[in-house]
Amino acid sequence: MWLYVVALVGLYCLVRWHRERQVVSHLRDKYVFITGCDSGFGNLLARQLDMRGLRVLAACLTEKGAEQLRTQTSDRLETVSLDVTKTESISAAAQWVKERVEDIGLWGLVNNAGISVPSAPNEWLTKQDFATILDVNLLGMIEVTLSLLPLVRKARGRVVNVSSMAGRLSLVGGGYCISKYGVEAFSDSLRYCTGIGPCLSPPVPGLLWELFARV
């Protein structure tokens, strides 16, 4: 019995070691677009990928957030203003991305922008309270994805939709958990219908990150 357990653990460690040794080539030629880079996880990811040499296209809600990010990164990183609740802002950002990636395409799209408030017992909230979160976390994510999907296809890239454990278990009232269930469902349908495999962030850290991240 214990011999089988040890063998399985050993096999798991071997597979994980092998996967971690895999290195993506030509990182400096690959573009990644990230939403919600003013602070939190999006900001950290933008800086990390920039350090690794990727060409990061960072979307920020505020000019202050964009300016702070630029001071912490290399000249490769570029920022653009984006409000995921406004169609005209998304269209402008998509055109901006297209002009930069040209025929190379978009290697990665990270839908990180999200909010978690207002959250409270449902009977304390109004319809607009639910809509405020859904517009950012779900509908905005869907519209950004649809706008940039042709560029992702061109580079044979991937879509990363930041989810959380709230997409599996409703812990609080309000639109947050509903939006994350929607993120999970949209990601599944995107993978099945287009063949482009989204990767959802680990559920538990996702919730913790988003409690502190802004759009």
Side-chain angles (χ1 to χ4, degrees), residues 24 26-50 52-115 131-162 179 182-183 186-187 189-191 193-199 213-215:
V24 178
H26 307 295
L27 288 180
R28 292 183 180 274
D29 298 328
K30 300 184 185 300
Y31 286 88
V32 178
F33 182 73
I34 310 170
T35 66
C37 292
D38 294 77
S39 62
F41 180 66
N43 184 281
L44 292 172
L45 179 61
R47 287 188 280 137
Q48 180 67 23
L49 295 185
D50 177 65
R52 291 178 178 268
L54 283 90
R55 302 185 68 86
V56 178
L57 305 176
C60 298
L61 179 64
T62 66
E63 179 55 37
K64 179 181 179 182
E67 184 177 352
Q68 289 178 343
L69 180 59
R70 287 194 298 267
T71 61
Q72 298 173 329
T73 54
S74 71
D75 294 336
R76 284 188 308 274
L77 183 142
E78 299 182 70
T79 60
V80 64
S81 176
L82 174 63
D83 183 342
V84 298
T85 66
K86 297 180 179 179
T87 296
E88 59 272 19
S89 180
I90 294 175
S91 298
Q95 181 60 34
W96 179 85
V97 172
K98 184 177 181 179
E99 292 172 357
R100 277 149 183 79
V101 303
E102 297 180 334
D103 294 332
I104 297 176
L106 193 59
W107 189 65
L109 165 60
V110 182
N111 284 306
N112 165 73
I115 57 176
T132 297
I133 293 181
L134 292 173
D135 281 345
V136 176
N137 295 6
L138 182 57
L139 299 180
M141 179 208 68
I142 292 174
E143 189 169 3
V144 169
T145 302
L146 296 180
S147 298
L148 295 174
L149 205 54
L151 298 178
V152 177
R153 281 186 179 277
K154 184 176 292 186
R156 300 183 67 183
R158 288 293 182 267
V159 179
V160 179
N161 296 327
V162 178
S179 70
V183 169
F186 177 71
S187 299
S189 66
L190 187 66
R191 180 170 58 252
C193 296
T194 67
I196 296 177
C199 302
R214 303 175 192 173
V215 179

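Position 1 is the first residue of the sequence, and the numbers go up from there.
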Distance from [X] atom [atom1] to [Y] atom [atom2], nearest 0.5 Å?
X: Thr35; Y: Asp83; atom1: OG1; atom2: CG; result: 11.5 Å
X: Leu106; Y: Lys30; atom1: CG; atom2: NZ; result: 11.5 Å
X: Trp107; Y: Arg158; atom1: CH2; atom2: CZ; result: 10.0 Å
X: Leu148; Y: Glu143; atom1: CG; atom2: CD; result: 10.5 Å
X: Leu146; Y: Leu190; atom1: CG; atom2: CG; result: 8.0 Å
X: Leu69; Y: Glu78; atom1: CG; atom2: CD; result: 12.0 Å

Under 4.5 Å between any side-chain heavy atoms of [X] and [Y], yes or no?
X: Leu82; Y: Phe33; value: yes
X: Val84; Y: Met141; value: no
X: Thr132; Y: Ile115; value: yes
X: Val32; Y: Val110; value: yes

Closest approach of [X] and [Y], non-hydrogen atoms and distance?
X: Leu61; Y: Ser81; result: O-OG, 4.2 Å
X: Val162; Y: Asn112; result: CG2-CA, 3.8 Å
X: Arg100; Y: Tyr31; result: O-OH, 3.4 Å
X: Gly182; Y: Leu138; result: C-CD1, 3.5 Å
X: Asn137; Y: Val183; result: O-CG2, 3.7 Å
X: Cys37; Y: Asn43; result: O-ND2, 3.1 Å

Quick check: does any side chain N or O of [X] sit under 3.5 Å from a backbone N or O of [Y], one acting as donor and the other as acceptor?
X: Asp38; Y: Thr62; answer: yes
X: Thr79; Y: Ala59; answer: no
X: Asp50; Y: Ser74; answer: yes

Can you list the residues that meet the side chain to side chain donor-acceptor pair (under 3.5 Å) rule with [X], with sequence neighbours excluded?
X: Asn111; result: Thr145, Asn161
X: Glu99; result: Gln95
X: Glu63; result: Arg70
X: Thr73; result: none

Quick check on [X]: does its [atom1] atom have over 12 non-hydrogen neighbours (other residues, nucleotides or ligands) under 6.0 Å away?
X: Arg52; atom1: CZ; answer: no
X: Gln72; atom1: CD; answer: yes
X: Lys98; atom1: NZ; answer: no

Quiz item: What residues, two or more places apart in sequence or in another chain, satisfy side chain to side chain contact (heavy atoms under 4.5 Å, CB included) together with Gln68?
Solution: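 Gln68 satisfies side chain to side chain contact (heavy atoms under 4.5 Å, CB included) with Lys64 only.
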Exercise. With sequence neighbours excluded, tell me which residues meet side chain to side chain contact (heavy atoms under 4.5 Å, CB included) with Leu139.
Key: Asp135
Practice problem: Verify side-chain contact (heavy atoms from CB on, under 4.5 Å) between Asp29 and Ile104, making sure each step is shown before the conclusion. | Solution: CA-CA 8 Å; Asp29 298 328; Ile104 297 176; 5.5 Å; no
Exercise. Report the C-alpha separation of Val144 and Leu109 in whole Å, then their side-chain angles, then the decisive distance to 0.1 Å, and conclude whether the side-chain contact (heavy atoms from CB on, under 4.5 Å) test is met.
Key: CA-CA 9 Å; Val144 169; Leu109 165 60; 4.2 Å; yes
